[in-house]
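Take a look at the structure set out below.
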Amino acid sequence: MGLVSWPSDSELDRIKTMVAEMAGVSANVVKVVVSPYRICPLGAHIDHQGGIVSAMTINKGIILGFVPSPDSQVLLRSGQFSGEVRFRVDQIQLPDHNAKPNGKIQQNYPSDVMEECKWGSYAKGALYALQSGGHHLKQGITGFIYGTEGLDSSGLSSSAAVGIAYLLALESANGLSISPTQNIEYDRLIENEYLGLKNGILDQSAILLSRYRCLTCMDCKTKIHKLIQPPKFEMEKNAKFKFPYKILLAFSGLKQALTTNPGYNRRVTECREAAEILLKAAGKKAEPVLSNVEQEEFEAHKSKLEPHLAKRAEHYFSENTRVIKGLEAWACGNFEEFGKLISASGLSSIQNYECGCEPLIQLYEILLKAPGVYGARFSGAGFRGCCVAFVDSDYADEAASFVKNEYVKLQPELASHLNKDTSIVICDSGDCARVL
């Protein structure tokens, strides 16, 4: 069975036509960047501590059609947000979160207002990152960007997908040959330095390194990655063959941008506080991240931690173990065991990392009861958005219907704001970000 077609030919034709009209050129010269959304089956909340994580892309995501400008001007329009974004690539970009009129980082806007006002920040952040890397761009782009239609991208790392799309387009327009590893670093600069978000490199790594049907494993301390393939299924050559699993995305209706919620950044700080105490107790001098603490050192000195810090560290060490076990299960094609580990990850995120809220937790619990579901957990940071589940292919439609019906009983108000056609999405694994 070949790669599930995304984007479709009709989507490609539509975006090429739109860009051609914007730029006054022929549609056949328009290039397209596809930058997929990602899921993280195992390795929740440990990338920023140098842990081992797993990820894969899905066959949904960001599409950016573009042509190089005749000068340094960038002109962008969006399928999700109104207005235009204009700037020049020969102007120096400064970190966005430092550029407020009163000199303060303003984080109290409603997320939808923030996103609409700032949807062009990721393109400017891409320019900032490339300039920080010593690249002096001369050619701008005219482009149109949009995400998979009707899909709430909360929890799927749409921000990293957008940042990477702009990086690839600007690089292509300026004839730059940049490795995936370097683009991981450039997207980290967009998120950490330009936008002020304290996340790790999992999202960018997944989007740039993943391959169809593979599980991407990343050691966030060493930056070493590898692709884990499931066993070859002989029947896959049969056109009627169904791959053993589908990916189920279940959306809660919650909307909250990470940078407007102090929960995410606070948890990162708490992990570092725990690491600092444990390293001091062990007599070690190292950067205060939990990957610099051995499991035995944690067990020996965890009594010195405040209860909430002990929980954060417990999540890190137990999650790291789950990732290692999960990679083995995936390589053996043991999706039942893989699913159990995903569900255990979800439980630890709730109990030890203390993220999630009532609607998300309810959605997680509904998924665990759905027919054919191997396992489920929050997708993304767990402070908004969606849950992800792996489900037996034969039960995917039945599971989706079950989750939709049960969730509306518990959260009728939130469910009423969801697109009924895309509140539950069945999808496949995807490929890496690339210029078509």
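What's counted below: heavy atoms across the whole structure, side chains too, no hydrogens, waters or symmetry copies.
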What verdict does the side-chain contact (heavy atoms from CB on, under 4.5 Å) test give for Leu215 and Leu327, after you've listed the backbone C-alpha separation in whole Å, the side-chain angles of each residue and the deciding distance to 0.1 Å? CA-CA 8 Å; Leu215 191 63; Leu327 297 175; 3.7 Å; yes

Is it the case that the side chain of [X] and the backbone of [Y] share a donor-acceptor pair, with hydrogens and angles ignored and the cut-off at 3.5 Å?
{"X": "Ser348", "Y": "Ala344", "value": "no"}
{"X": "Asp428", "Y": "Asn59", "value": "no"}
{"X": "Glu11", "Y": "Ser8", "value": "yes"}

Which donor-acceptor pairs under 3.5 Å do side chains of residues 132-139 form with protein atoms, sequence neighbours excluded?
| unit_1 | atom_1 | unit_2 | atom_2 | d |
| --- | --- | --- | --- | --- |
| Ser132 | OG | Tyr128 | O | 2.8 |
| His135 | NE2 | Tyr186 | OH | 3.0 |
| Gln139 | NE2 | Ser69 | O | 3.0 |

Ignoring hydrogens, what is the shortest heavy-atom contact between [X] and [Y]? Give both atom names and the distance.
{"X": "Val53", "Y": "Cys220", "value": "CG2-SG, 3.8 Å"}
{"X": "Glu287", "Y": "Leu279", "value": "O-CD1, 3.6 Å"}
{"X": "Arg38", "Y": "Ser379", "value": "NH1-OG, 4.1 Å"}
{"X": "Pro7", "Y": "Ile63", "value": "CB-CD1, 3.5 Å"}
{"X": "Ala399", "Y": "Val391", "value": "CB-CG2, 4.0 Å"}
{"X": "Leu305", "Y": "Ala313", "value": "CD1-CB, 4.3 Å"}

Listed by chain and number, what are the ring-ring contact (aromatic ring centres under 6.0 Å, His included) partners of [X], not counting sequence neighbours?
{"X": "Phe298", "result": "Phe317"}
{"X": "Tyr395", "result": "none"}
{"X": "Tyr364", "result": "none"}
{"X": "Tyr407", "result": "none"}

Would you compute the distance between atom CG of Asp392 and atom CG of Leu248 and round it to the nearest 0.5 angstrom?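 It comes to 12.0 Å.
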
With distance as the sole criterion, is a donor-acceptor pair present between the side chains of [X] and [Y] under 3.5 Å?
{"X": "Asn183", "Y": "Glu171", "result": "yes"}
{"X": "Ser179", "Y": "Thr181", "result": "no"}
{"X": "Tyr194", "Y": "Gln93", "result": "yes"}

Pairs touching residues 217-229 that satisfy salt bridge (Lys or Arg N to Asp or Glu O under 4.0 Å), sequence neighbours left out: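 Sorted result for residues 217-229: empty, none.
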
What pairs of residues pass the salt bridge (Lys or Arg N to Asp or Glu O under 4.0 Å) test when at least one of them lies in residues 307-320, not counting sequence neighbours?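 Non-adjacent pairs meeting salt bridge (Lys or Arg N to Asp or Glu O under 4.0 Å): Glu270-Arg312, Lys311-Glu354, Arg312-Glu354, Glu319-Arg322.
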
Name all residues meeting the side chain to side chain donor-acceptor pair (under 3.5 Å) criterion together with [X]; count only those two or more places apart in sequence or in a different chain, and write none if there are none.
{"X": "Thr216", "value": "Ser210"}
{"X": "Glu337", "value": "none"}
{"X": "Gln362", "value": "Gln411"}
{"X": "Lys284", "value": "Glu297"}

Who pairs with Ile247 by side-chain contact (heavy atoms from CB on, under 4.5 Å), at least two apart in sequence or on another chain? Ile39, Met56, Ile58, Tyr245, Leu249, Val388, Phe390, Cys427

Whether over 12 other heavy atoms sit under 6.0 Å from Lys302 NZ: yes

Does a sphere of radius 6.0 Å around CD in Gln295 hold more than 12 heavy atoms from other residues, nucleotides or ligands, not counting ones at 6.0 Å or beyond?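 More than 12 heavy atoms, drawn from other residues, nucleotides or ligands, come within 6.0 Å of this atom.
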
Parallel, tilted or perpendicular, judged at 30° and 60°: which one describes the rings of His315 and Tyr353? tilted

